[in-house]
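Bear in mind that the values here come from a model prediction, so they are computed numbers and not experimental data. Convention: sequence-line order gives letters A, B, ...; per-chain numbering from 1.
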There are 2 protein chains.
Amino acid sequence: MRDQNPARGLQRAELARRTGANLETVRYYEKVGLLPPPPRTASGYRSYDKAHERRLSFVLRGRELGFSLDEVRALLRLVDERDQPCAEASRLAATHLADVRTKIADLRRMEGVLKRVVAQCGDGTRPDCPLIETLFRETTVE
Amino acid sequence: MRDQNPARGLQRAELARRTGANLETVRYYEKVGLLPPPPRTASGYRSYDKAHERRLSFVLRGRELGFSLDEVRALLRLVDERDQPCAEASRLAATHLADVRTKIADLRRMEGVLKRVVAQCGDGTRPDCPLIETLFRETTVE
DNA sequence: CTTGACCCTGTAGTTACTACAGACCTTACC
DNA sequence: GGTAAGGTCTGTAGTAACTACAGGGTCAAG
């Protein structure tokens with residue numbers, strides 16, 4: 001069994017397990033500057049603490065809300081450098097919310113067309129496949 | 001003025017313009033096998049015809065419906081090789097429709113959380129930013 | 001002292017393009 | 001005939017956000 005003593009810090013796999021991140025993602029986030037490089041043991045192993053865990057969770061939750069890594073980086077900068085980050089953070093969130101709504105609208109348009117053609121295809125015995133005809137003939141957007 | 005005589009075929013830029021594709025995308029689709037390599041002029045220029053235009057439009061419309069290039073490739077194979085492609089095509093579309101609906105559900109969850117936090121942030125004068133607190137504290141998914 | 005489980009690094013692969021750089025060709029105009 | 005502007009060609013590198021090795025080092029238990 002590996003060392004679980006909190007005074008010695010978490011290994012990468014433990015941090016990944018505790019946060020739900022993929023093992024490789026932890027190293028990736030360090031590489032792109034979203035996680036600070038942790039101290040190393042004598043043999044070069046990374047040793048994380050609670051602050052790393054907190055920060056990694058922040059990034060992962062940001063990702064769950066659909067923020068890009070650049071947006072998460074901006075949010076982290078606000079956390080680190082600003083006293084009153086709410087106005088800027090809220091602006092970022094509002095912009096992102098608009099992006100999300102645009103994506104939903106796009107997907108709903110796709111859903112509508114797909115639903116229609118799947119219904120028209122029925123049991124798939126038609127010689128003129130409505131899906132294929134749609135792709136050849138129609139514009140899918142007005 | 002360039003040659004517009006249909007007997008001589010379309011150049012790449014013309015094909016792109018007529019279909020709405022990006023110029024580089026045309027070559028890319030050829031490279032990944034979605035468009036057949038067109039005949040070349042004596043000096044090596046690609047020369048497209050109506051069949052290419054039709055096929056490229058098919059790919060672009062498939063993309064507008066959110067199909068991956070692999071899925072579009074599969075649909076094109078059905079068009080080329082099968083007499084009765086509708087059953088298989090419809091299955092592909094139904095699978096893709098389910099994917100689209102999953103994405104919509106994900107985005108709606110994001111939208112709900114973002115809408116809430118943006119509302120809570122209000123004019124951005126709060127010292128405890130609801131967005132940042134959410135990212136640090138909550139799980140965004142139940 | 002070996003086995004197995006972890007850790008390290010750097011790099012390559014993924015999707016679907018997009019954007020060059022450097023070279024060649026064609027056309028219009030003078 | 002010359003030249004400048006615009007097309008075209010190729011291959012390659014860049015984008016986002018990871019993910020997955022390969023080839024090596026380390027560490028603890030039996």
To the side chain of [X], which of [options] is closest?
X	options	answer
Leu23(A)	dA17(D), dA20(D), dC7(C)	dC7(C)
Arg12(A)	dC7(C), dA17(D), dC9(D)	dC7(C)
Glu24(A)	dT18(C), dG10(C), dC17(C)	dG10(C)
Arg46(A)	dC27(D), dA19(C), dT9(C)	dT9(C)
Tyr45(A)	dG11(D), dC6(C), dG7(D)	dC6(C)

I need the [atom1]-[atom2] distance between [X] and [N], as an integer number of Å.
X	N	atom1	atom2	answer
Leu69(B)	dT14(C)	CG	P	14 Å
Glu30(B)	dG11(D)	CD	P	11 Å
Lys31(B)	dC9(D)	NZ	C1'	14 Å
Leu15(B)	dT8(D)	CG	C1'	14 Å
Asn22(A)	dA16(D)	CG	C1'	16 Å
Leu56(B)	dC17(C)	CG	C1'	14 Å
Leu60(A)	dC18(D)	CG	P	8 Å
Leu10(B)	dT8(D)	CG	C1'	15 Å

Can a side chain N or O of [X] be found less than 4.0 Å away from OP1 or OP2 on [N]?
X	N	value
Gln11(A)	dC6(C)	no
Ser43(B)	dT26(C)	yes
Arg40(B)	dT10(D)	yes
Thr25(A)	dT19(D)	yes
Arg27(A)	dC7(C)	no

* Does the side chain to side chain contact (heavy atoms under 4.5 Å, CB included) test come out yes or no for Arg46(B) and Glu30(B), once each step is laid out? -> CA-CA 11 Å; Arg46(B) 287 172 182 81; Glu30(B) 179 182 331; 2.8 Å; yes
* Using a 4.0 Å heavy-atom cut-off across all strands, classify Tyr29(A) as base, sugar-phosphate, or nothing. =>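 Tyr29(A): backbone/sugar contact only, no base atoms under 4.0 Å.
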* Minimum heavy-atom separation for Ser90(B) to Gly122(A), with atom names? ->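 Here Ser90(B) and Gly122(A) meet closest at OG-O, 4.3 Å.
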* Nearest non-hydrogen partners of His96(A) and Leu65(A), listed with the distance ->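 Between these two residues, the closest heavy atoms are NE2-O, 2.7 Å.
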* Are Arg54(A) and Phe136(B) in a cation-pi setup, meaning NZ or CZ lies under 6.0 angstrom from the ring centre and within 45 degrees of the ring axis? ->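 Judged by the rule, Arg54(A) and Phe136(B) form a cation-pi pair.
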* Asked: Is a side-chain donor or acceptor of Arg12(B) paired with a backbone partner of Leu23(B) at a separation under 3.5 angstrom?
  -> yes
* **Residue mapping more 5' on DNA chain C - nearest nucleotide basis, Ala13(A) or Asp70(B)** =>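 Whichever sits nearer the 5' end wins; that is Ala13(A).
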